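The structure appears below as structure tokens.
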Amino acid sequence: MQIPEPLARSVRDARHVVALTGAGISAESGLPTFREAQTGLWARYRPEDLATPEAFARDPALVWNWYAWRRSLVRAAEPNAAHYALVRLAQHAARLTLITQNVDGLHRRAGSADVIELHGDVMRTKCSREGTVVNAVDAHPSDDALEAPPRCPRCGAYLRPDVVWFGEALPSASLETASEAAARCDVFLSIGTSGIVFPAASLLPLALESGAAVVVVNPEPQPGTDHERAWHLQASATEALPALVEAAWQGRGQV
Ligand code: BJW
């Protein structure tokens, strides 16, 4: 895809780039976006109604089994060209802070270092009472549906995925680092997110208020991003990100 030269220049010249990713970046790895994660058996449920502490308290097996299904999808998925483009961006940019709302670990698997995972990691499991992370092998005997979640070996409470549900606090140090980066960056990339879930959704407006240029990568229009310093690449992440990195550093080493 064609990247406008002024946009390529802003990315190339930025002292600090922030990239915030959402479920759309992993869509082309075969993982349904969060608001589409209701196919097959799960079509009767809204993801928003399963990702809550109240849903887990009401029906722990239902919520556990939905996450077991999603873990099986993550195990089968591979990072895609957009994840790898962000690895290359980190190699070329003066500084990159990579923040993700995704729980799939695909940035780490692609080779990105120091990823700020705001909403946790679906492959990690913790005690629902004490919050202690429990060894993944004991906690996931299989991804098959269970009649009840496995129990914490220490206290006997149910285990749950180590992800942030609605109404729960994000890890405070990660949120603080992400907010500081958004407030100080020159270029903020918003990639494959609907931008409706807070506090992650406050990072883009924070970057704009602080004077950064914003680049929105999404095949659909993203509400609330109309601004003179906002660029819209209305395309899939695998199309837009490799093209952006190529345009910014073309002829300046391997991209
Ligand atoms: C493509 C593509 C392709 C497709 N290429 N793009 C302020 C105002 C209003 C409400 C609130 C507020 N502050 C807090 C709230 C409440 C709530 C909230 O935000 N609600 C809103 C829905 C209104 N927030 C919270 O409850 C947060 N907690 C909190 O604030 O706690 C306060 C507290 C403090 C102290 C003590 C206690 C409490 C927690 C939010 C946690 C969100 N967790 C989830 C689940 C994680 C686990 C899991 O995955 O199951 O995180 S919800 C879900 O949404 C998930 C995602 O990370 C997150 C964002 O979704 P995302 O990534 O944007 O996905 P989609 O599906 O929405 O969009 C995909 C996009 O990709 C689309 O735009 C497509 O077009 C695009 N796309 N193909 C590029 N190929």
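Whatever order the structure lists ligands and atoms in, that order sets their numbers, starting from 1. Everything quoted here is computed from the prediction, not taken from an experiment.
Linking ILVMFWY residues whenever their side-chain heavy atoms come closer than 4.5 Å, directly or via other members, places Leu86 and Val245 in the same cluster.
Protein heavy atom at the shortest distance from atom 38 (C) of ligand 1 is Gly167 O, 3.3 Å. Protein heavy atom in closest approach to atom 64 (O) of ligand 1: Ala23 CB, 3.6 Å. The protein non-hydrogen atom at the shortest distance from atom 72 (C) of ligand 1 is Asn218 ND2, 3.9 Å. Atom 5 (N) of ligand 1 has as its closest protein heavy atom Ala237 N, 2.9 Å. For atom 60 (O) of ligand 1, the closest non-hydrogen atom of the protein is Arg35 NH1, 3.3 Å. Protein heavy atom in closest approach to atom 70 (C) of ligand 1: Gly192 O, 3.5 Å. Considering only non-hydrogen protein atoms, atom 39 (C) of ligand 1 sits nearest to Glu168 O, 3.5 Å. What sits closest to atom 44 (C) of ligand 1 on the protein, heavy atoms only, is Val164 O, 3.8 Å.
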Item checked: Criterion side chain to side chain donor-acceptor pair (under 3.5 Å) on Thr238 and Asn80, from CA distance to verdict -> CA-CA 7 Å; Thr238 59; Asn80 65 45; 5.9 Å; no

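Proximity of Arg154 to Cys127: side-chain heavy atoms (C-beta onward) are nowhere separated by under 4.5 Å. When side chains are defined from C-beta on, Tyr45 counts as touching Leu62, because their heavy atoms get closer than 4.5 Å. No side-chain heavy atom of Pro171 sits under 4.5 Å from any side-chain heavy atom of Glu117. Looking at heavy atoms from C-beta onward, Ile25 lies in side-chain contact with Asn102 at the 4.5 angstrom threshold. Two residues are said to be in side-chain contact when any heavy atoms from C-beta on lie closer than 4.5 Å; Trp66 and Pro47 meet this criterion.
Nearest-heavy-atom check against atom 47 (C) of ligand 1 across Trp66, Phe166, Tyr67, Phe198 picks out Tyr67. Summarising the contacts of atom 30 (O) of ligand 1 with Pro199, Pro219, Gly24, the nearest heavy atom is found in Pro199. Across Leu233, Thr52, Ile196, heavy-atom proximity to atom 21 (C) of ligand 1 is greatest for Ile196.
The distance criterion of under 3.5 Å between nitrogen or oxygen atoms is met by Thr193 with respect to ligand 1. For a threshold of 3.5 Å applied to N or O pairs, the pair formed by Glu220 and ligand 1 contains no separation below that value. Between Ala235 and ligand 1, not a single N/O pair is under 3.5 Å apart. For Glu28, a nitrogen or oxygen atom sits less than 3.5 Å from a nitrogen or oxygen atom of ligand 1, counting backbone and side chain alike. Close N/O approach between His119 and ligand 1 is found [any backbone or side-chain N/O within under 3.5 Å].
Under 4.0 angstrom from ligand 1, the non-hydrogen atoms of Val197 come from both its backbone and its side chain. If you look at Leu170 next to ligand 1, the close heavy atoms, those under 4.0 Å, all belong to the side chain. Contact annotation for Val163 and ligand 1: only side-chain heavy atoms (C-beta onward) come within less than 4.0 Å of the ligand.
At least one heavy atom of Arg70 lies less than 4.0 angstrom from ligand 1.
Nearest heavy-atom pair, Ala248 versus Arg12, reported as atom, atom and distance to 0.1 Å: O-NH1, 2.8 Å. Between Ala85 and Pro242 the shortest heavy-atom distance is CB-N, 3.7 Å.
Checked against the 6.0 Å centroid criterion, the rings of Phe56 and Trp165 qualify as a close aromatic pair.
When the shell of 6.0 Å around CG of Asp49 is examined, it contains more than 12 heavy atoms from other residues, nucleotides or ligands.
Of the charged side-chain nitrogens involved, at least one lies within less than 4.0 Å of a carboxylate oxygen, so that Arg160 and Glu168 count as a salt-bridged pair. Remark: Arg35 engages Glu48 in a salt bridge, criterion side-chain N to carboxylate O under 4.0 Å.
Within the 4.0 angstrom cut-off, atom 16 (C) of ligand 1 has no protein heavy-atom neighbours.
The distance from ligand 1 to the heavy atoms of Val103 drops below 4.0 Å at these ligand atoms: 49 (O). For ligand 1 and Gly22, the ligand atoms under 4.0 Å from any heavy atom of the residue are 62 (O).
Judged by the 6.0 Å and 45° rule, Arg151 forms no cation-pi pair with Trp64.
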